[in-house]
Amino acid sequence: MALELDARQRAMLEEMHVRVWWPQAPAAVEQPTPQAVPAAAAISEPISAPIPAPVPAPAVVARATPAVAPPAPAPQPARPAVAPADDGRAAAIAAMDWPALQQSVAGCEACKLCGTRKNTVFGVGPTAPQADAPPRVDWLIVGEAPGEQEDLRGEPFVGQAGKLLDNMLRAVGVSRHGEVRGAQAAFIVNVLKCRPPGNRNPALDEVAQCEPFLKRQIALLQPRIILAVGRFAVQSLLAGSVPDVQTQPLGRLRGKVYRYEGVPVVVSYHPAYLLRSLPEKAKAWADLCLAMETVKAVESP
Ligand code: URA
């Protein structure tokens, strides 16, 4: 498998400190410049960091554990499975169309976060062809919860983490507005539609109350791929299909394609974590390549 990357995309990756190997530019005229980059060759080699040994990234087409096992991650606290929200409310949300769903999120008072939020954050994506229909999207990116900036603006991933997310998506030809010619369109949402005060972790009851919104968004958008970034997104989406997802470190869940209501799901790190951990960026790049390959496979089985 090879991923086509043009010079602009390569420059973007370099800027993000995601180093992707490709053959050197030819010295002789007869040698053509390679067009295809083996995506599996993504390596973590921060440009300025004095780390000699590259961190292994999983082979992009592999659906299993990377060839070289990464160091054992620190154990994570067990989280019990999310309790389902009230059945009547969940059933009502499951029957909503797109405008009703937007209204329902905007006026939601199902948990205490409504008392501290400035804005609800429904999600963002390309403009829908009709006002009362969901937009057509290829990718759905699921994050954790709005932060301070997102709460103020009512839009997900507008801070530094969002910039990195946008850059990484753009490098594989995906855009949250679908505005770039030929780009695949992404819709971006969070598990929680309201900001937890002080950016604390989402609480179980908050996730449970918001879960029907996410489920309905997915049912209406019908994305071709879901990229779950960070452990709250991963736990929410895989709780029904991966029995020990609450206790598995995220790193162990990567590199495989899961399903949520029939839609393929790829697991990756949260962009805010990537901002703090340069070596993991190469792994996130491999995750993006896996997602891209999955979309292509759905396109042409
Ligand atoms: N982190 C998230 O998970 N979502 C946002 O919208 C912003 C930061």
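Since the structure is predicted, the reported quantities are computational estimates derived from the model, not experimental observations.
- In terms of the side-chain contact (heavy atoms from CB on, under 4.5 Å) criterion, residue partners of Ala233 (sequence neighbours excluded) are, by chain and number, Val142, Val191, Ala228.
- Looking at Glu280, its side chain never comes within 3.5 Å of a backbone N or O of Ser277 through a donor-acceptor pair.
- By the 4.0 Å N-to-carboxylate-O rule, Asp151 lies too far from Arg117 to be salt-bridged with it.
- Note on Val245 and Leu214: same hydrophobic cluster, where clusters join Ile, Leu, Val, Met, Phe, Trp and Tyr whose side-chain heavy atoms are under 4.5 Å apart, directly or indirectly.
- Applying the ring-ring contact (aromatic ring centres under 6.0 Å, His included) test to residues at least two apart or on different chains, the pairs with a partner in residues 89-131 are Trp98-Phe122, Trp98-Phe187.
- Looking at Arg89, its side chain does come within 3.5 Å of a backbone N or O of Gln209 through a donor-acceptor pair.
- Note that CD1 of Ile226 and CZ of Arg259 are 10.0 Å apart. Values are rounded to the nearest 0.5 Å.
- For the salt bridge (Lys or Arg N to Asp or Glu O under 4.0 Å) test, no residue two or more places apart in sequence or in another chain qualifies with Glu148.
- Not a single salt bridge (Lys or Arg N to Asp or Glu O under 4.0 Å) links Arg276 to another residue, sequence neighbours left out.
- Val158 and Ile141 fall into different hydrophobic clusters, where Ile, Leu, Val, Met, Phe, Trp and Tyr residues are linked whenever their side-chain heavy atoms come under 4.5 Å apart, directly or through other members.
- Under a hydrophobic clustering in which Ile, Leu, Val, Met, Phe, Trp and Tyr are joined whenever their side-chain heavy atoms come within less than 4.5 Å, directly or via other members, Leu237 and Val234 fall into the same cluster.
- Looking at Gln217 and Lys193, their side chains do bring a donor and an acceptor atom within 3.5 Å of each other.
- Gln222 contributes a side-chain N or O that, together with a main-chain N or O of Ala219, makes up a donor-acceptor pair within less than 3.5 Å.
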Does the pair Asp287 and Arg254 meet the rule for a side-chain contact (heavy atoms from CB on, under 4.5 Å), with working shown? CA-CA 7 Å; Asp287 299 334; Arg254 294 178 48 253; 2.9 Å; yes

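- Residues meeting the salt bridge (Lys or Arg N to Asp or Glu O under 4.0 Å) test with Lys118, sequence neighbours left out: none.
- Taking Ser104 as the reference, Met96, Phe213 meet the side-chain contact (heavy atoms from CB on, under 4.5 Å) condition, with sequence neighbours excluded.
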Using a 3.5 Å cut-off and no angle test, enumerate the donor-acceptor pairs between side-chain atoms of residues 128-137 and protein atoms at least two apart in sequence or in another chain.
none

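- With sequence neighbours left out, Tyr258 forms a ring-ring contact (aromatic ring centres under 6.0 Å, His included) with no residue at all.
- In terms of the salt bridge (Lys or Arg N to Asp or Glu O under 4.0 Å) criterion, residue partners of Glu155 (sequence neighbours excluded) are, by chain and number, Arg176.
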Could you walk me through whether Val229 and Glu144 satisfy the side-chain contact (heavy atoms from CB on, under 4.5 Å) test, starting with their C-alpha distance in whole Å, then the side-chain angles of each, then the deciding distance to 0.1 Å, before giving a yes or no? CA-CA 8 Å; Val229 295; Glu144 179 181 316; over 6 Å; no

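- By the side-chain contact (heavy atoms from CB on, under 4.5 Å) test, Glu109 pairs with Cys114, sequence neighbours left out.
- Asp138 places a side-chain N or O within 3.5 Å of a backbone atom of Ala185 that can act as its donor or acceptor partner.
- Taking Tyr260 as the reference, nothing meets the ring-ring contact (aromatic ring centres under 6.0 Å, His included) condition, with sequence neighbours excluded.
- Trp139 and Leu220 fall within a single hydrophobic cluster, where Ile, Leu, Val, Met, Phe, Trp and Tyr are joined by side-chain heavy atoms under 4.5 Å apart, directly or via other members.
- Ion pair Lys215/Glu261 flagged as a salt bridge, since at least one NZ, NE, NH1 or NH2 atom sits closer than 4.0 Å to an Asp/Glu carboxylate oxygen.
- The pair Glu206-Lys112 counts as a salt bridge, with a side-chain nitrogen and a carboxylate oxygen less than 4.0 angstrom apart.
- Transitive grouping of hydrophobic side chains (ILVMFWY, heavy atoms separated by less than 4.5 Å) brings Val189 and Val265 into a common cluster.
- No donor-acceptor distance shorter than 3.5 angstrom exists from the side chain of Asp244 to the backbone of Thr247, with no hydrogens or angles considered.
- Under the rule for a side-chain contact (heavy atoms from CB on, under 4.5 Å), the partners of Gln160 that lie at least two apart in sequence or sit in another chain are Lys163, Leu275.
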